[in-house]
Structure formats: structure tokens, C-alpha cells
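Okay, so here's the structure we're looking at.
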Amino acid sequence: MKFTMTVSPDFSPDYIAGWYIFNTWLQNQTKQAIHLELYNSFDKQREDIKADKIDLIYANPYDASMLIRDKGFVAIASPYRKTDEAVICVNSESEYTCVEDLKSGCTIATADDPEVSTIGMIMLEPADLSKENVTIEELKNYVMVAKSLIGNKADAGFFLKEAFDDMSKFIKSQIKPIVTSQISVIRHTFLIGPDFVNNSGICEEDFRQLINSMHESEKGASTLKSLGFERWENQDHEEAEFMIDLMDTLVS
Amino acid sequence: MSTIELKHHDQSTSSREVSDEEVPYPEGKLIVSRTDTRGKITHCNQSFVDMSGFEENELIGQPHYILRHPDMPAAAFKDLWDTIKAGNKWKGYVKNLRKDGKFYWVYAVVVPNVRNGKVVGYASVRRKPSRTKINECIALYKTMLAEEQS
């Protein structure tokens, strides 16, 4: 039987090769045929999840909710000490110094990332801003969000903190953060689906042990490095359920 | 600073110091806590600890109303409990009392933690509220409180 693994489309392009290396490592360790399918679009990926075409996934917290509660996926691990945070930036020469300086009717640039958009909109609430009174400019990636700020097309832009931190010095010198989330409890999670649990011949606990001890071998550690992770950290079912409850409080 | 006597829905009372000094909500943070089905705190994050002014070990096992400010009408909490006990999400603006008597406003969202079809507790997440909404609530809660005390 051949399984399909995918990754939330918000991963950094710098790690594309890393996910292929991880897939190869995983196939060698599990002796299973696993195809890696990468998507540019959240919608297309969700279509395939709904059609039960996905067996293993590195999911964002949004999709983890649907995968665990509706599709019977099991949480295995999250990257150690890596949480999902968002940053709101403005043009570095702008007079905006805090969220409350932004006014109704302003333009917000975002990338196609529902999680960052949710956290970003929450951080705009203290300024009485919502989707009803701002113009959203949805762009393909965070570099385009930065360019929109630099070109004064948008008043503010939402960034995944990791993407903001990875921007070049040149770009960062032209934009400034006005608020950064410190949520700490929302994380991407590696999940396995019911077909993989039932048909791979590897029990859930053995698979969990395999992933969570990956950093202990030289090959595993170098594979993790190619993903930008130090190591995996176990995510048990209750931790994942609680994160889903928290996500539920953040969506209207 | 004044001392007030608070009466809670479980008929218990507590004596607390109250001042009119507001502590600003920390930028970008979420205050997270979890209670059992009776409202006793089972988990709280560092932001909760920092803003409450209590130590974590003073919070765990205590009823959530340890943060109740006397300016909050009982009807607001009745609505909260009626909503979450019915299995629904509650949202509202809450003025909280710190250990040192100061206060802070939050926008709170509370959801039931459902496991295997059964409610095992509640999760509450607070975020920074808008000043416009706080001002609306100050007026509304004052009216509600006056009605409750009349």
C-alpha cells in the first residue's frame, strides 16, 4: 500500500528539500512507500484531505482541528520549542507606532495563510478593526506583503513571525513591527491518519517513538536540521485536543 | 485603596482590597486558563499568573471567581455559566481584580472542553479588548449592578 504525506502550505520555501529528505528518512525507517505531495494552496490541500487522499501531514493548527475531530487523525509530535506567532508590520517611515494608530478603512496586506490572518485580526481588535471595516489585500507570499508596505500600498501587513525573522536585512530595514503575538500554545503538529495507523503495520506508539527519538541518531538529526527543527516534541491526544479548544476561542 | 466584601454564587464570601488603578493588557499576549466543570482552576499560563498578581500555586485549585471584580454584575457570570453549560461558546468583556487590588479589562472567550461527548472542563482565553468596547461595558455594567442592588 502506498501512503501520501503532505505539509501545510505555509512552510518556508527554504525547507522544500528538507521535507523530501524527511520523507526519504521516513520511508527507510518504516519500510513503507510514502509519496510526498506539496501544495501551493490551502484550499486544494483541504479538498484532498476531505477526499481522504492524505495519510500523514504536518498540519497547521487550523487544519489539525478538522483532521483530528472529523477525520480521526492522531497527533504525534510538534517541533520542539516552536510555536506559531504573528507580527503586524508597517512601513518603517510610517507614523504608526501601535495598533491603535490604525483607523477604519485602512488596508491590510496578508499572505494566503488563515492562521496568521486569524491571529493578525485578533491583534487589530483593540483598534476596533475587523474584516468589516478594513480592506484586505491578499498576496501570494510574505515578500509581497513586505513590498506592499514598502510601496505604501498597504497601511499594515501580517507576517508569520518565522517568515518575518527570515526576511533579508534590506527588507527589514524598510518595515517595522508594531506588535508581535506571544501566544505560545498554538503549534504546527505532525499527524497520522486512520489508514496509516490501520494498514502500515506500525502501531501508533512505535511510530511516536520513532519520530520523537529521531534526533538521537546522526542521520535523524541531520534530517531534522534540514527542516529547521532541533527535534520533535511529543504531542499526546489531550494536548492536541486542548490546542483545538484554544483555536476554537480564536475563531468567530 | 478600599476593602470590600464579595459574595459569590456558591454563597461564600471573601474580603478583598480594591483600587482604581488599571493595569494595561500586555500587547500580543493571550491569557489562558482551564477549569474543571465546577469552575476551579486546573491550568493557567504565565500571562494569567503575571496579570493576576497571584503565584501559580495560589491559583491552581481555586475557583475562577478569585479574579472577580466588584464592578462586574452577577448577571454577566450567570449568562456565562448558562451559555457554557448548554455546550456553547461565551464571549464577553470582563473587568478582573488582581491580587494587589488593581484591575485589568479583557475580552474573554470560554468554550467547553468536550471529550468523548462529555464536558470535562472549560477553557478560557482572554485577549486585549478595544477601549471603545470597555467604555460601553463600564456604562452597561454600572446599570446592571444598580439593578441588582436595588
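Chain naming here is simple, since letters A, B, ... match the order of the sequence lines and numbering starts at 1 in each. Worth saying up front: this structure is predicted, and the values here are computed from it rather than measured.
No more than 12 heavy atoms of other residues, nucleotides or ligands lie within 6.0 Å of NZ in Lys147(A), so this atom counts as exposed by the packing criterion. Heavy-atom contacts from other residues, nucleotides or ligands closer than 6.0 Å to CD of Glu17(B) number more than 12. The neighbour count for Glu148(B) CD, taken as heavy atoms of other residues, nucleotides or ligands under 6.0 Å away, is above 12. Within 6.0 Å of the NZ atom in Lys161(A), the count of heavy atoms belonging to other residues, nucleotides or ligands does not exceed 12.
Counting heavy-atom pairs under 4.5 Å between each of Ile244(A), Leu246(A), Leu250(A) and chain B puts Leu250(A) at the top. Options Arg131(B), Arg34(B), Gln46(B) differ in how many heavy-atom pairs under 4.5 Å they form with chain A, and the most are formed by Arg34(B). Between chain A and the residues Arg127(B), Lys133(B), Lys128(B), His43(B), the most heavy-atom pairs under 4.5 angstrom are made by Arg127(B). Counting heavy-atom pairs under 4.5 Å between each of Met123(A), Glu85(A), Glu125(A) and chain B puts Glu125(A) at the top. Your options are Val110(B), Ile31(B), Val32(B), Val111(B), and the one with the most heavy-atom pairs under 4.5 Å with chain A is Val111(B).
Residue contact with chain A, scored on non-hydrogen atoms closer than 4.5 Å, involves the backbone and the side chain of Lys29(B) alike. There is no contact between Pro26(B) and chain A, counting heavy-atom distances below 4.5 Å. Heavy atoms of Tyr107(B) lying under 4.5 Å from chain A belong exclusively to its side chain.
Counting all heavy atoms, side chain and backbone alike, Ala123(B) lies closest to Asp245(A) at CB-CB, 4.5 Å. Of all heavy-atom pairs between Ser130(B) and Asp128(A), the closest is OG-OD1, 2.6 Å. Listed here is the closest heavy atom pair of Asp248(A) and Lys89(B): O-NZ, 2.7 Å.
Inter-residue side-chain proximity for Thr249(A) and Leu30(B) is flagged as unmet; no heavy-atom pair is nearer than 4.5 Å. Side-chain contact between Arg69(A) and Val114(B) is absent, with no heavy-atom pair separated by less than 4.5 Å. The side-chain heavy atoms of Asn45(B) and Val185(A), taken from C-beta on, include no pair separated by under 4.5 Å.
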